[in-house]
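All remarks here apply to the structure that follows.
Letters A, B, ... mirror the listed sequences (proteins, then strands); counts begin at 1. The shown structure was predicted, so the numbers you read here are calculated from the model rather than taken from an experiment. All values below come from the heavy atoms of this structure, side chains included, with hydrogens, waters and symmetry mates left out.
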There are 2 protein chains.
Amino acid sequence: MLLDIRIKMNDKLFLRNPEDSVLGKRIVSQGLVLINKLGFEDFTFKKLAAEIETTEASIYRYFENKHRLLVYLITWYWSFLEYKVLFSLNNIHDPEVKLKTIIGLLVIVPERAKSTEFISEFEAYELVKWESSKAYLTRNITKDNKDRLFKPYKDLCHRIAEIIKEYNPNYKYPYFLASTILEMSHAQKFFMENLPALTDSTVPNDNKLISFLEHLLFSSIQKPTK
Amino acid sequence: MLLDIRIKMNDKLFLRNPEDSVLGKRIVSQGLVLINKLGFEDFTFKKLAAEIETTEASIYRYFENKHRLLVYLITWYWSFLEYKVLFSLNNIHDPEVKLKTIIGLLVIVPERAKSTEFISEFEAYELVKWESSKAYLTRNITKDNKDRLFKPYKDLCHRIAEIIKEYNPNYKYPYFLASTILEMSHAQKFFMENLPALTDSTVPNDNKLISFLEHLLFSSIQKPTK
DNA sequence: TACAAAATGATAGTAAAACTATTATATAAA
DNA sequence: TTTATATAATAGTTTTACTATCATTTTGTA
């Protein structure tokens, strides 16, 4: 269904483009898997080097540090998701259907097997659920933001906000609402699985989360803002 | 206005109760300030020891590691906030007013000066804005949750959810909604200050965020859930 | 007031993390 | 074929995240 696409990554993210070599691709794809396995805090370049049978020094030639690798992977996910959104919204004109489609894409776990890219979409989804906020919750945020590292996320937010405005041009908080839906689609999934007392779901249930997010989104856009 | 209260902290959080000694209190209060200054990643017990003129080893007698100190501080904040909520809701019977009061308490920045406790409320608020999710986004979450480390946050969420149910007993997502409001009150503040493209506010503006959260909350609870 | 128990300080040490540097070897491009 | 470039192998540095030991204060109680 989805063609093999190339996602253009911000070159501030790496020292050497990992897409240009076999080793680079392995660093990225296996780095993703290993971060998911160990958690970002316990993940080190040394462990990754052992895993893919290369050296620490070789990995450092691609990425300045593990945080940059994290941001690389997270932004890859958001870029990929925006591509999927774009693709899925093709030929849809009703903003309500558009927004529901996007919520589905945000919440539904990608299939494990299916990966056209060298990066596993399923693993990237898991990474975003656990580690995404660590990409921006640092003291370098202002500099990183100037380097446009968060552009893919902001673009996706912008796209959602535009559809919200299309649905109701008088709605006053399209960006607040778009970023709330974006953040909550992953955070609430995390809560369902790890802190279920914060949710209405004892068993992780995508449908219930989708229903909530849709209800939240549409009740808010439909109600007049004075 | 607020009396000097004692917040009972979970004793799994520390090795020795920091409230019981001058040094312990300094570790907590200055640790908070130093984490805010450096960011959690760059904060170390060694730096804190230098700051308060003690030794690393002494700090380790109180806290197993810096993550436990972080959780201590974050849960202190949520406990304190629940106390404030309880106090502020006294004599209010209308659930609408209750919910608006809570949103105000969540969003409005505490005054810098005013601190009855040895922990600065203002600093704790800043900490929550920057570091709160790092308290639970770890591979120890299941164990930490079993140790009830997140109880204060869950309690606050529960309290809000109960008022939501009071407002509309038929509303189907009281916990999803309560945790969304809780998470977004701080995350959106962070976005306004650091990634404003994700928000509708160019200048950090508490009133606009409050209006959004109130609109979001009430439009959702008012609309029937089928 | 005196003595014991507990807390703190001073110091040292270890293992791992987070890098940097150097040189040799393999691979690819001209 | 040569030359540039990438990778491997190895080693080294500084900092972090601890743990251990013992001396010295401080505190609580008989």
Side-chain angles (χ1 to χ4, degrees), chain A residues 11-31 34-73 118 131 134-135 138-140 143-144, chain B residues 9 11-31 34-35 37-73 118 131 134-135 138-140 143-144:
Chain A
D11 56 19
K12 289 264 167 65
L13 284 169
F14 47 75
L15 301 170
R16 177 173 301 173
N17 195 334
E19 289 178 61
D20 288 349
S21 72
V22 177
L23 180 63
K25 285 179 191 165
R26 279 181 62 72
I27 290 168
V28 168
S29 63
Q30 290 305 110
L34 196 59
I35 295 172
N36 280 337
K37 188 175 166 194
L38 304 176
F40 186 64
E41 286 73 19
D42 289 346
F43 167 85
T44 69
F45 278 176
K46 193 171 191 176
K47 289 172 188 169
L48 177 57
E51 189 84 16
I52 62 179
E53 287 173 308
T54 182
T55 60
E56 230 183 325
S58 296
I59 298 173
Y60 276 106
R61 286 191 201 101
Y62 284 87
F63 291 98
E64 217 179 308
N65 53 52
K66 68 176 187 171
H67 184 259
R68 285 282 151 136
L69 173 59
L70 177 68
V71 179
Y72 182 97
L73 291 163
F118 63 96
E131 319 287 359
K134 294 171 193 166
T138 76
R139 300 291 146 157
N140 289 322
K143 194 185 167 301
D144 288 352
Chain B
M9 301 297 292
D11 56 17
K12 289 263 167 66
L13 285 168
F14 46 76
L15 301 171
R16 178 172 300 174
N17 195 333
E19 288 178 63
D20 288 350
S21 72
V22 177
L23 180 63
K25 286 180 192 167
R26 279 180 62 72
I27 289 169
V28 168
S29 63
Q30 291 306 111
L34 196 58
I35 295 172
K37 189 176 164 190
L38 303 176
F40 186 64
E41 286 74 18
D42 289 347
F43 167 85
T44 68
F45 279 175
K46 193 171 191 178
K47 289 173 187 169
L48 176 58
E51 189 85 14
I52 64 179
E53 287 173 308
T54 183
T55 60
E56 230 184 324
S58 296
I59 298 174
Y60 276 106
R61 288 194 195 101
Y62 285 87
F63 291 97
E64 217 179 310
N65 54 52
K66 68 176 187 172
H67 184 259
R68 286 281 152 136
L69 173 60
L70 177 68
V71 179
Y72 181 97
L73 290 164
F118 63 96
E131 320 288 359
K134 293 170 195 167
T138 76
R139 300 291 146 156
N140 289 321
K143 193 184 168 299
D144 288 352

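Across the protein-nucleic acid pair, B:F63 atom CZ and D:dT16 atom C1' stand 19 Å apart, rounded to whole Å. Going from atom CG of A:L48 over to atom P of D:dA8 covers 12 Å, rounded to whole Å. Look at CG on B:N65: it is 14 Å from C1' on D:dT19, rounded to the nearest Å. Rounded to a whole Å, the CD1 atom of B:I27 is 13 Å from the P atom of C:dA7. The nearest whole Å value for the distance from the CG atom in A:D20 to the P atom in C:dA28 is 14 Å. One atom, NZ of B:K47, and another, P of D:dT15, lie 10 Å apart when rounded to the nearest Å. Rounding to whole angstrom units, OH of residue B:Y60 and C1' of C:dA7 are separated by 19 Å. Distance CG (A:L23) to P (C:dT27): 13 Å, rounded to an integer number of Å.
A side chain to side chain contact (heavy atoms under 4.5 Å, CB included) with A:V28 holds for exactly one of A:Y62, A:F14, A:F118; it is A:F118.
The side chain of A:K66 places no N or O atom within less than 4.0 Å of a non-bridging phosphate oxygen (OP1 or OP2) of C:dC19. At least one side-chain nitrogen or oxygen of A:R16 sits closer than 4.0 Å to the OP1 or OP2 atom of D:dT7. Put simply, A:T54 has no side-chain N or O that comes within less than 4.0 Å of OP1 or OP2 on D:dT7.
For B:K46, the NZ atom counts as loosely surrounded, since its 6.0 Å shell holds 12 or fewer non-hydrogen atoms of other residues, nucleotides or ligands.
Looking at A:D11 and A:R16, no side-chain N of the basic residue comes within less than 4.0 Å of a carboxylate O on the acidic one, giving no salt bridge.
Cation-pi geometry between B:K66 and B:F43 is not met at under 6.0 angstrom from the ring centre and within 45 degrees of the axis.
Within 4.0 Å of A:K46, counting heavy atoms only, lies no atom of the nucleic acid at all.
Mapping B:E56 and A:T44 onto DNA chain C via the closest heavy atom, the residue that lands nearer the 5' end is B:E56. Of the two residues contacting DNA chain C, namely A:R61 and B:T55, the nearest-nucleotide position lying further toward the 5' end is that of B:T55.
Residue A:A57 has its side chain nearest to D:dT10 when only C:dA17, D:dA8, D:dT10 are considered. Distance from the side chain of A:Y62 is smallest for D:dA6 among the nucleotides D:dT16, D:dA6, C:dA7.
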Item to check | salt bridge (charged side-chain N to carboxylate O under 4.0 Å, His left out) evaluation trace for B:R139 with A:E131 | outcome: CA-CA 11 Å; B:R139 300 291 146 156; A:E131 319 287 359; 3.3 Å; yes
